[in-house]
Structure formats: C-alpha cells, structure tokens
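Letters A, B, ... are given to chains in the order of the sequence lines, protein chains preceding strands, and every chain is numbered from 1.
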Number of protein chains: 4
Amino acid sequence: MSEVKKVVLAYSGGLDTSVILKWLQDTYQCEIVTFTADIGQGEELEPARAKALKFGIKPEHIYIDDLREEFVRDFVFPMFRANTIYEGEYLLGTSIARPLIAKRQIEIARAVKADAVSHGATGKGNDQVRFELGYYALEPGIKVVAPWREWDLLSREKLLAYAEKAGIPIEMKHKQGGAPYSMDANLLHISYEGRHLEDPKAEAEESMWRWTVAPEAAPDTPEYLDVEFEQGDIVALNGKRMTPAEVLTELNKLGGKHGIGRLDLVENRYVGMKSRGCYETPGGTIMLRAHRAIESITLDREVAHLKDDLMPRYASLIYNGYWWSPERKALQVLIDHTQQAVNGWVRLKLYKGNVYTIARDSKNTLFDQTIATFDDDGGAYDQADAGGFIKLNALRMRIAENARRKRG
Amino acid sequence: MSEVKKVVLAYSGGLDTSVILKWLQDTYQCEIVTFTADIGQGEELEPARAKALKFGIKPEHIYIDDLREEFVRDFVFPMFRANTIYEGEYLLGTSIARPLIAKRQIEIARAVKADAVSHGATGKGNDQVRFELGYYALEPGIKVVAPWREWDLLSREKLLAYAEKAGIPIEMKHKQGGAPYSMDANLLHISYEGRHLEDPKAEAEESMWRWTVAPEAAPDTPEYLDVEFEQGDIVALNGKRMTPAEVLTELNKLGGKHGIGRLDLVENRYVGMKSRGCYETPGGTIMLRAHRAIESITLDREVAHLKDDLMPRYASLIYNGYWWSPERKALQVLIDHTQQAVNGWVRLKLYKGNVYTIARDSKNTLFDQTIATFDDDGGAYDQADAGGFIKLNALRMRIAENARRKRG
Amino acid sequence: MSEVKKVVLAYSGGLDTSVILKWLQDTYQCEIVTFTADIGQGEELEPARAKALKFGIKPEHIYIDDLREEFVRDFVFPMFRANTIYEGEYLLGTSIARPLIAKRQIEIARAVKADAVSHGATGKGNDQVRFELGYYALEPGIKVVAPWREWDLLSREKLLAYAEKAGIPIEMKHKQGGAPYSMDANLLHISYEGRHLEDPKAEAEESMWRWTVAPEAAPDTPEYLDVEFEQGDIVALNGKRMTPAEVLTELNKLGGKHGIGRLDLVENRYVGMKSRGCYETPGGTIMLRAHRAIESITLDREVAHLKDDLMPRYASLIYNGYWWSPERKALQVLIDHTQQAVNGWVRLKLYKGNVYTIARDSKNTLFDQTIATFDDDGGAYDQADAGGFIKLNALRMRIAENARRKRG
Amino acid sequence: MSEVKKVVLAYSGGLDTSVILKWLQDTYQCEIVTFTADIGQGEELEPARAKALKFGIKPEHIYIDDLREEFVRDFVFPMFRANTIYEGEYLLGTSIARPLIAKRQIEIARAVKADAVSHGATGKGNDQVRFELGYYALEPGIKVVAPWREWDLLSREKLLAYAEKAGIPIEMKHKQGGAPYSMDANLLHISYEGRHLEDPKAEAEESMWRWTVAPEAAPDTPEYLDVEFEQGDIVALNGKRMTPAEVLTELNKLGGKHGIGRLDLVENRYVGMKSRGCYETPGGTIMLRAHRAIESITLDREVAHLKDDLMPRYASLIYNGYWWSPERKALQVLIDHTQQAVNGWVRLKLYKGNVYTIARDSKNTLFDQTIATFDDDGGAYDQADAGGFIKLNALRMRIAENARRKRG
C-alpha cells in the first residue's frame, strides 16, 4: 500500500461511497476531495455536499458538477453515430458514462494537486477497468485506490457494520431484506444486477423496473414522433430544436411512457466472467432505431457496411473501458467522417414497448425513385447490365466447378 | 440470344410466371419444364399443375415439390446459427430461399437433360443475382434465360396486354387499381415492395400486412414460450419436440398472433440502388432473440465476438446471392463448429409486437454463479488480480502519454 | 452504340492506343482529344504529340501533363501509409495510377466539353474497371467508349492489319516474334503479363526484367540508406530533403541497382479470373519496409493492429478500382489520422535483392528502454502485475474447462 | 505464497532454469519434476538429466521428450496454413512452441500427480502469458509458480551470486562481458533480445546471428528448390518425401546456407511494451513464400481474402498465448477447411537472403489459361459482360454524385 496524500473520490453520497470516504480517511490518513457529478441519474446532488461536510471535507474540496450536456454531446451521441451495440443487444449505458467521470476526476486532481483518485467499483466488474484505464491514459503517474480490491468489507454485513461504527446513516432499505440490486443510472440508462438476477433462469420481478412502465401498462394508442438529424445527431423532436441532454431527457420520457427499452441479458465481462443484467434504455432504444433509419437513406452502401463491420469492435472498446485509447479515437475519426451527410427526418411510432420506423426523408437522400421503381424507368437503369454483372461475379465459381469436373 | 432446347422454369402459377412461360414458348420455341416448390409461401400448388398442363407442358415435365423441411433445416437454421441480420435489421427472408430453388432447378435440369433454366426475377433486383449465381456455381455451363432482362414488357400494361392476347386468365386484383405490391413469401417471411412504398417517406398502409395482426389488435395478455435448443437449432417448443418446418410454422403462428416481426426499411441492393421494403418475419424474429439468449450462456466470449465480427460479412454473402460460394461454406464450417455446445432452454414472453427474453438455462452453461455473485465468493475469484490486469492493459497508454509529455 | 461527339482518349502514343484513336475516328466520326500523362513511365511524351497531330487532332486538343508529383504525393504515399499489399505480395503499382488518369481525363472532358472518354484497357482486365469506376464516380453522366469490348480486333494479327491499313507505323518489335509482354509502367512499378507468363509453371526469362539488375549482377557490397519520415511519408533520403516524386525516383534508382523488388505471382482479378504477372517495384519495396519500421516505434499497438486488420480491405478497394469511392475515403481518413506521429528515421541495408531494417529512431518513439530492459528497471514495471493480468485473461477458459468436467 | 507439494518445471538444463530449480527447492521445499523437451533447439538434452540428478531429482521424475515431429505437425504446419505473420513481419517462432510445452507439462503433472507447474519466463515478457494461459486452459486448478515474478534475483549479479552459493556451475560466457542475449530456439527459429538490442537505433552485431550465414557470405550461385504440398502442408522437397520435422530441418539447412530469414524488428508485446528482437527463421521464411504460391493457384479469391482478413487476428491470438482458446480453434477449423485443395508444386529460387517463387502447378489449379489469355479465347469469356459489371458496380457512386449535384 503506497502512501497517498490527497485523493479525489468519485462520491455519490450513497452508503457505499460514504463508507469508502471514511475508510480512506481511516486507512490512508489522507486529505479527501469529493467529486459528485450529475449525469442524469435523477438524484439530488446537494445531499452529497452535506454529507461530505459532515465527514470533514473542506468546502473547497467538494466538487459538484452538472455534466449532462457534455455527457450526451461528447459521449452518448458519438457512440450512437456507430449504431453501437455490445453482444447484439446491450446499448452500453454504464460503459459510456465512466470515461467522462474519469476525465473530470483527473481534471480535479490536477486542479487540487491530488496524487491519487479513488472509485467505488468492485473488483469483479467492468467499471473498475473503465475508470482506471481512463485515469492512467489521461494521467499516467496517478495513484489509484480501489477500496473494494483492498479492504476486507466484502460482505454486506461487514460493510453495514463498518458504516454503523462510523456513524454513517443507513437508510431503512439497506437494513431490510438483504442487499439491494446493484444499480447504475445516467441519462442513457438504468441498470440492475445482483440479488436473484444472479440466477439466469429466474425471471426479473416487475417491481424492479424503475424508468419504464410495463408495456402492458403503457397507453393503448400509439404515439408518433418526428426526429430530426444533423450530421448523425438528433437536433430536434417533433419540430422543436433541443440541446443534446434535452433530446435524451425527452426521449427517455417518451420511451418510459410507452414501456420502451427493457432488456434482460447475460453479458460477457472484460474481467472474464458472464454476468446477468437488466437494463432500461428508453431514449437510447428510440435513438438507435431512428439513427439506423436516417442512415438507410443517406449513407452509401459500402460505407454503411464498413461501419457495421467495425461496430462490434468499437462496442467492445467502449465496453472494455478503452474510450480514451488511440484506437477508439481512430475509429471515431472514421465514424464521424461518415456522418457528414446523415441529415434528415425520421418518423417513428411508439407503442407498448415497440419503436417502429414508418417514414424517413432527407435532402441528402441517396434513394433514387426513378431507378428504384418497378414501373418503366425510362432508361434510367439498363437491365441488360445485370447480365454481365452476374456473369463476372459468377466466373470464379464457374471456373472452379469446371476444374473440379475436369479432374473427375 | 442463344438457342435453347429445353428450359426449367421456376413457375409459381401466378400471372407473371405464366406470361413468362408463354413468352418462352413464343420466343424460344423450346420445351418447357415447370418447377413449383412449396417453401411455405402458403399457396395451393396444384393449380400450378393445371395451368402448366393448359400451356401444353407434358405431365412428366411438371415438378411440384414440398421443400419445406429442407428449406428450414438446411438453409434457415444454418443462417440463424450466425444471428444473421443484414444492415442491422433485415432477417434475409427472401435471400435465403433463392439458393434452394436454384439448387432444385439445377437438379431437375440434370434429370430432364435441359440446357437452360429461367426465372421470373426482374433486372433491377437482387433475386436475379441470387438465382443465377446459384445456377452457375452448381452447373457452370447452364444457359440462363431471364425474361425481364430480355423482353419489352417492362410496364404493367404491356404485360397485361400480352397475357390477355395469350389467353392467360387475369384475376380481378390485377385489373384494378394498378400494380399490386411485389411480394415474396416463404416459411421465413413475407415481403412487400413497390407501389406507394416506393416513396420512403410514405407510411405503409395497415391493410398491406398479411401475416401478423397489428400489435394494437394483438392479445392484451402476454404469452410465455419455452424454446429448446440443440446445437444451435430449435428442436422443441413448450416441451413438444418438432421438425424444423414444424418449429418455424408454429413460431409464425405465435408471432403472427402477437403482432411480432413487422419491419419497414430502406435497404441497399447488390445491384447498386436503395430500395424500400416491408417485411413480416414473425417466427424468425422470435428465433433470433431466443438464439442470442441461449448463446449468451453457452458460448465463450471471444467465440461470440468472433461470430459477431463475421456476421455482417456472412449476411452480405447471403443477401448478395453467394450461398453456394466457397467463402460462405468456409464461414459456415466455423459457425457450425461453434454451435456444438449451444444447447439448452430459453423462456420468452410474447406481447404486442415484443419478444422478451426472461430466463435461460443450459447443461452447457458457462455462467458461474459462484464467481459472478456480489456476495462473498469464498475466494473463487481474487479481486486483487484485477489490479494487475488493469495496469498491464493500461501500460501502452501510460507510456504514450509519458512520452508525449517528455517531448513537451 | 450511342452517339459520341467529342471523346477524351487516354493516349500513350503507342501502337494500341494509336489504333484506338483511328478506330474511334472511323467508328464514331467524333472529335478526339488526346491526353498523355507522365506518371514516371520513363518514356518520351513529345512523340505522342507528333503522332496525334498526324491523326488530325487539333493542337489545342492535345493534352500532355507531367503528373509525377501529384501521383506520388496524392496516390502512392497515401497508399503506403497503410502498408498496402494485395494478396500478401503485390504492391498495387498499376492499380494506384488508374484513378489519377481517370480524374485528369474527366477534368479535361469538362474543360473541352467532351461527352465521352475512352481508354485502351482490355475487357478481361482490372484496368477497365479502375478507369471506368473513376469516370462514373467523378462524372456520372459521362459516356465511356471501351474499344476492346466493342471492336473485333481481338487477335494480334487483326490489330496489326488494321494498323497497317490505317498507315500507323509499326515498330520492328511488334512485327517479330508474336505479341510482346503486356506492360505497364509508372513511377511505382513496371509490370509484365501475357506471352509465356500465361503458363504459371514457366519461369520468367531474365531478359524480361527492365528496371532492376538481376540480384546476381547487383553490387557485392551492401549500401546503407537513411530514410526520414514525416507523418508517414518519406521526406528525405540520406539527409537530403526531396519532393515525393524525387524520393520515389531515387529509391527506384537505388532499388534497381541492388536488384530489389522483383515479384512473380498469380493474382485474382476483380473480373473473376486468375492471372499471372511479374512486377518490379524497387522503390516501393524499400518504402514499405521502411514505413513498417518507423511505425514499429511510433504507433500504438492497437492502432497498428487496427490498420493491419483493415489493410487487406483497403488493398482490395484499390485493386478493384474503388479509389474514388466513399468507403476508400473513409478508410483514408482513419489511416491518415494514425500517421500524425509517424515521424523519424530508419536505417536500411540494401544488398542483392534484400532490404534490411537495421536501426530506427524517432522523437515520437513509444519504445521505452527503462521498461523494456532485461536489467533491473528500478520499479518502472511491477512484474507482479502480470500474474493478475494472466489470471483474468485465463478466467473464461478456466470456467469453461471446469464446467466441462462437472458435466463429466 | 500458496503451498506447493510437487511441481513440474520446464527445465532446459541451462543456468537460469537451474537456479530456478534450486530456488524452488529452497523456497517451497517441494518435490520437483523436470521436463526437458527437444523441439529442435539444437542442444544436447542428456546433460539436463545429469544436472537434474545432481539436484537430487529422482530418476523417474526426469522427463526428456523428443517433441520435434509433434511440434511441426500439430503446431507449426497448422499456423503456416494461415500464412501467419504478426505485425507484418514476425513469423511467431517463439510463440508457437509455448503451447506444446504447456500441454506436455500438464500431461506430466497429471501423470505424476503434481499440484503445480513452473517455468523460467520473466515477468515482462509474452512467454509467461503463453505458458500460463496454456496451463490454465488445460488444467484450470493447477498452481503456477513463476519465479521471476516472485523472487528478488532481478539483476544478473544477484542471479549469479545465488548460483554460485548453490554450487551451480557457471560457464565462462556468463561470467564475462555482462548478460548474454536472451535467446530462444526451436525448429522454427532462433531469437535474440536484450543487451545492446535494447537500443532500437543500434545495429545488431554480425557475430550475434547463429543459424544463417550472412547473405554476403552465402553461395554466389542460386539454388532451385521444388516444394510439394498436400492439403496446405509441405510433404516433399525436391521430390523426396519427408516427415514434417524432416521438412523443416531441411528447409532450415537450405535457408541457413543461403542467408535466408534474418529479421530485426520492434514488436508490441501483449503485456503492453515495445521490445526489440532479432530473429532467424530460415525454413519458415521459405515455407511462407511457398505456401502463398501454392494457394495463389488453388484457392478461390474470396476464400483467400477471407483468410487474409482473419490472419492478423489469428496471428495475435498465437502471439498472445491463446493457442488453446476456443476462438483459435474455431478459426483453425475454418483455415483447415480451406486447405483441402491446396495441393501441388512450387519451384523456388534461393539466393543470398532471397526466396523467389518462379513457378507453380497443381492438379487443383483454378488458373484457367483459356480465359486468362491475351490472345483470342474463342468465346470462353464475353468481354461485353464487363460493361454491365462495371456499370452496376458504379451505380451507387453515380447516384450519389447526381444527388450531390441536384442539391447544388
């Protein structure tokens, strides 16, 4: 255990990071700077300040930042330009928030001349990797304190006992009924892990879901939604221009209302194990569908396929915590380049868990009705060309089969 | 125009291929062999026989085959083992049927010693490519007659006039209201193109959809479905063992009832244009979700990612008509190899257009609850290992940032 | 055959394009604009002017351009930034010149208001595709005249007879000994096809090679060469700053002297057949080795691997004629982005066909001697980290093997 | 430090592993089983037995195995079927031997009921990863002792002091002139790292190279070599049938004589640092060239390209130590499948460091001289087909450019 003088802690104000705060004070006798970010998790932040003060944190060492616009503009939107999905289903809601927190933590560490940073992620999960790869990439000499990998408070009981001894107030929910779900929330999603989800053959309880109504409880009439894109990003909903965070907030509201974006899956963690998680990503689910639709008329076929081929790799980079890596940046340069003409309008229909694309248009459309028509196109396309096209594409297979037969 | 003596025509018995039959007789004065396949399109086949006889086709030259089991077992199932989706959304319902028809047509051509084959696909579409790449790959010296690329009946009016003159009965629907949708159906899907779908910003009419009820009209209570997999293929539904075609038929029934599998998209054709299509793939949509779920607990992470990386390429091969190519076969060998342990059970919930995975289990599960747990795992996993894991993964980025700073 | 009023012909002044020139006049009765480019093929260009005048081409319709700098700067160098090799061996010498010629031809067509362009590539080769994809991408409405696909002069004899009749002077070499090799030359390479190379089991004659001495005849003492890179491009040789074309000219001289860059291979053409070609790429062979070496110390591992993964696709795009496609441009944006820090110096040893990298250095080096050393590194790297790194990377395989054993 | 009862040590008999043997005895007080393999490193193995006996190892605990045939047949040959190269240049000579040693070590551990294995690889290199991923994949519960990550003998001096104290004889070369190169040898290659190679801008000394003569000292006359392939593997040289190990031994002899296969590079280690190494791979260099040549006439274009696209990933898997992973095996299944028709004959010319392909033939050739010819092919290929081929391939680019212009 190396010496630590001043540490910037990613502090939510909740039970776990409060215990960490105390444990850092006890264990390292170091000065602590708390950092609490609003990335849309939907919780009050000011209570975190009050709690930090109680622990004796100096007022000038308490950072509370509203990062919602930056989060959507510089992290969520760039990721959605690639139609990013991990393992065919997961929209990477947790993964995409970590690099922003790491970046801001390092900025604060520089500002307050801290020699270390700390986070509350466990030693079995992906988040520790995402945080720490970010720290090291941005500030290679920083010390990292990961209490869950160091301390012995590995059971719920020990943690609560430590909290009690330290005088940290424990809400009723923590005292009763065993451990809660392990949850993570931000403007893109809320996730649930742990408890009986640890058995992949057990169905999730309806009471678990927090952001979306059950599809069964969603309105019986569909709602239409017009989405406007500029360079691959949504800039307006139903004709109303909005900032990135406003867009996602509104999409979450709409998606939540219509029961959109629930997901229950088993995923492969970077640290080598499978884990079961449930996710609600109402706005993101709508956004992905809409982005695919606008690209379908504005992207060249081969560019679209190139993006599709690279997407799983890009998704893994984000999932595994390599947002700040040079390879993610290189891919982003390509992805962003392809979005120049991804402008236009998509109409969606939202209904009880479904998002349907029903119409799309763009001044940059590559859809050519003259050529696509089943009616006589007046010579725009010469059908005879197809014969030569097919013959040359078949040539290598014909030669091979002929050769096979000659050999007998 | 080369000489043709005997041609095997893919004959549906409908208006278009009847005109083709007559046109082949008129134009090539050749003998004609008709081939009509049941691949689950849901139409009576015997009327095709009657029509063929009326055109003077010899009884022994009329082939009517039930290919439903072969279709699902040897084409649909292998494709779904790869979780195949074209351009992020399309389940390749049309594409996957063509290679089977091409294969059977060539088998018949050999049996009857025909020197040519013919099909009713237009010169603008993908299907001509899929048919003909199949023909050439399997029988490199075969002659191909593609009437739509040769004749001058390019408008609906001319076609109807030709039919009328030839005494081909025209149903009322063809006479009224302009051209119908261009449709294609088989056990995997039904598709719609043309008419007002040619305008991508026009919503499809509700009356167009044939296989699924509107989600709004689907039952108000969800239905649970248990799916059993062996080596990546579904072998039983709700505990009842079934053949491949039975599985897909039943899934279509269930999916159709719950309004599952509607899709409206603009896709990129191999021949170079964008085209708008609507699809209903009720059973396939359920199957894809279930297959992802069973793989999530039975496939190794890196094998799953390898499959995901290769999937778009595999999908393009099928979309573009390269089913019989050596590269598709090479990929299939890899894909099939990965499915050995993809055995087990998935529980789904079907509700108004949605398919939710809610539970999964397998004797081959790689999900290890001891390690995945948030509770104390009794030493199954050493959290300290994660520190070294992260540090070495970060090393190249730290070195780079340090080097950058040294340069100043 | 559509009407043509004014056509820009890629005109070398040689026998074949002279016959084409005459044939265009005879066949289309159109006005002809000749375009002759110096891309380093090593031939006098002024004779082309004299010949064109003789055919009655107006002086203002004779374009002779020195494109050598543009060729190397905007085509060869960008391609080498990707370490581009087609099918493991071919450095794409012919492929990379075609897009430039197509571009310039279209520029001239616009300047002289021509409605068509024409080239002398045959109907079996890749070059027709490369030229015409370029034409169509840059000027979608242009007419293309490809005489080799239209005329009946398909044998050498017919071509010579036509030339004779047209009073086109035929050099002795053409009259004697059958067809010459089909050759193509530019600053990057010279290629040979045809004649007895059409038998892949026949060794090429030593007399065929034109640019390089036989390794056996190369100097008996090695020569050292220092190469300086900026952003992935060579900017100086042995300390002397040079323009791109000067660099490649000098490298060709050095490579030729040392017998470097000979290649004999069978390649897969885009049009579907295999073809045997011999290539001399002296400068390019040196350049590739040097570029790999400078990247080895300046590129991040994962960025280098990303480039390696994409390279074959990028190579195929160029080989197949898609230089002007949006997907090639998208890849180029990524590739160029990665070259920002590819600066520095490489020392090579040239000797009888070999190019050895023997030393390399860079102010942007990512090689960290402190960490790489076998000696005690004073704590720069904690060897214990490797234990955790390995354990977590092994975890999924351990879980799988344990699960397999439990099943028994 | 966990308890160890019986450990199987990969024991070369050299200084380092002798110190390890003693250190294991001192530190763990455990029983030791030594395993010494002949994988073609070219050293006597019996001295290892004598040394082991001196340390008190029981005779039945001394394993000395000749693994040369297995090494080439089951590891080297399969790898070369993929034309495997890491980072564009490295033939993976060290990487490919480790999985075999790991496998054999585990087999012995099972036979002698050992609870642990140990190796002499350092904590900074790739080999520790390759050994241990193999151990864990094959025997998930095995204990691994990696002395270099545990002990404090991190400098050369400390190591020698320990040896001296332990009575381990130290050869003169170790006493003088500092540390030797870190070398690794097997039938595929010999490698050098460390010493002044740690400075990437320092040229390697001529005296370092052991297996190949300097190209300058190689014979002045070229030597021709005929290579025969069956299913992608070499089975005969100059008409003489040989076992796999005989093939590679003979190729090494020939390559060494002609100065073939020297390489000096900076590579990216899996553990995150760059490292400079020199390699001699005489036989492998010949083999790669020959394999590319035989594939050039026997593999379908798209299959070859698929292999090329996957190769860097396959190479990284081997480099990083994932030979025993399910994803390497899945790729191998695909690769092996493609080699069925890779049969035939290649003629090479060896001369002063160069390997030239000069001829190739196969009963499975896909080279069709009728179609490839520049002469009139009598209609085997219809040049007019190329027009349609190009037009449809250009269509999407023409539509895009037209759309761009319409927008203005």
Side-chain angles (χ1 to χ4, degrees), chain C residues 83 88-89 123-124 128-129 132-133 136-137 140 149 154-155 179 182 194 198 200-203 215 264-266 268 271 273-275 292 296-297 301 305 308-309 312 325 351-354 357-361 366-369 371-374 376 381 383-384 386-387 390 394 397-398 401-402, chain D residues 83 88-89 123-124 128-129 132-133 136-137 140 149 154-155 179 182 194 198 200-203 215 264-266 268 271 273-275 292 296-297 301 305 308-309 312 325 351-354 357-361 366-369 371-374 376 381 383-384 386-387 390 394 397-398 401-402:
Chain C
N83 304 314
E89 300 198 318
K124 285 184 168 180
Q128 57 177 342
V129 190
E132 298 178 28
L133 289 180
Y136 288 133
R149 298 203 305 260
L154 291 174
S155 74
S182 170
E198 290 184 357
K201 65 180 178 298
E203 183 174 357
D264 176 338
L265 55 74
V266 173
N268 290 291
V271 292
M273 72 194 67
K274 289 184 182 289
S275 112
R292 277 258 174 223
S296 77
I297 53 168
R301 180 186 71 200
H305 290 193
D308 282 350
D309 287 346
S325 72
Y351 175 68
K352 285 188 182 285
N354 298 286
T357 301
I358 56 173
R360 70 295 277 164
D361 199 15
L366 299 173
F367 186 96
D368 186 325
Q369 200 159 339
I371 286 178
T373 185
F374 276 83
D376 195 335
Y381 174 100
Q383 305 215 10
I390 295 168
M397 296 191 284
R398 295 174 75 187
E401 179 60 14
N402 276 330
Chain D
N83 304 314
E89 301 197 317
K124 285 185 169 180
Q128 58 176 341
V129 190
E132 298 178 27
L133 289 180
Y136 288 133
R149 298 203 304 260
L154 290 174
S155 74
S182 169
E198 290 184 356
K201 64 180 179 297
E203 183 173 358
D264 176 337
L265 56 72
V266 173
N268 290 291
V271 292
M273 72 194 68
K274 289 182 183 290
S275 113
R292 277 257 173 223
S296 77
I297 55 168
R301 179 185 72 201
H305 290 193
D308 282 351
D309 287 346
S325 72
Y351 175 68
K352 285 188 181 284
N354 298 286
T357 300
I358 58 172
R360 71 294 277 164
D361 199 17
L366 299 173
F367 186 96
D368 186 325
Q369 199 158 340
I371 285 177
T373 186
F374 276 84
D376 195 335
Y381 174 99
Q383 305 214 11
I390 295 167
M397 296 192 284
R398 294 173 75 189
E401 178 61 15
N402 275 330

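With a threshold of 4.5 angstrom between heavy atoms, Asp368(D) does not approach chain C through any atom at all. Using a 4.5 Å cut-off between heavy atoms, Ala202(D) contacts chain C through its backbone alone, with no side-chain atom that close. If you measure heavy-atom distances from Arg292(D) to chain C, the contacts under 4.5 Å come from the side chain alone. Heavy atoms closer than 4.5 Å to chain D are found in both the backbone and the side chain of Thr357(C). Looking at Asn402(D), the atoms closer than 4.5 Å to chain C (heavy atoms on both sides) sit in the backbone and in the side chain alike. For Asn83(C), no part lies under 4.5 angstrom from a heavy atom of chain D.
Closest non-hydrogen pair, Phe367(D) versus Lys274(C), comes out as CE1-O, 3.7 Å. Considering every non-hydrogen atom in both Lys201(C) and Ala359(D), the closest pair reads O-CB, 3.3 Å. The shortest non-hydrogen separation linking Lys352(D) to Asn354(C) is O-ND2, 2.7 Å. The two residues Lys124(C) and Ile371(D) come nearest to each other via the heavy atoms NZ-O, 2.8 Å.
The candidate from Ser275(D), Gly387(D), Pro215(D), Ser182(D) with the greatest count of non-hydrogen atom pairs under 4.5 Å with chain C is Pro215(D). Contact count versus chain D (heavy atoms, under 4.5 Å) is highest, among Glu89(C), Gln128(C), Glu198(C), for Glu198(C). The choice from Ser155(C), Pro312(C), Ala386(C), Pro200(C) that makes the most heavy-atom pairs within less than 4.5 Å of chain D is Pro200(C).
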Step-by-step side chain to side chain contact (heavy atoms under 4.5 Å, CB included) determination, Ser325(D) to Met397(C): CA-CA 7 Å; Ser325(D) 72; Met397(C) 296 191 284; 3.7 Å; yes
Side chain to side chain contact (heavy atoms under 4.5 Å, CB included) between Arg360(C) and Asp264(D), intermediate numbers included: CA-CA 10 Å; Arg360(C) 70 295 277 164; Asp264(D) 176 337; 2.8 Å; yes
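Listed for the Tyr381(C) side chain is a donor-acceptor partner under 3.5 Å among the backbone atoms of Gly123(D).
Met273(D) contributes atom CE, which lies 13.0 Å from atom CD of Gln369(C) (distance to the nearest 0.5 angstrom).
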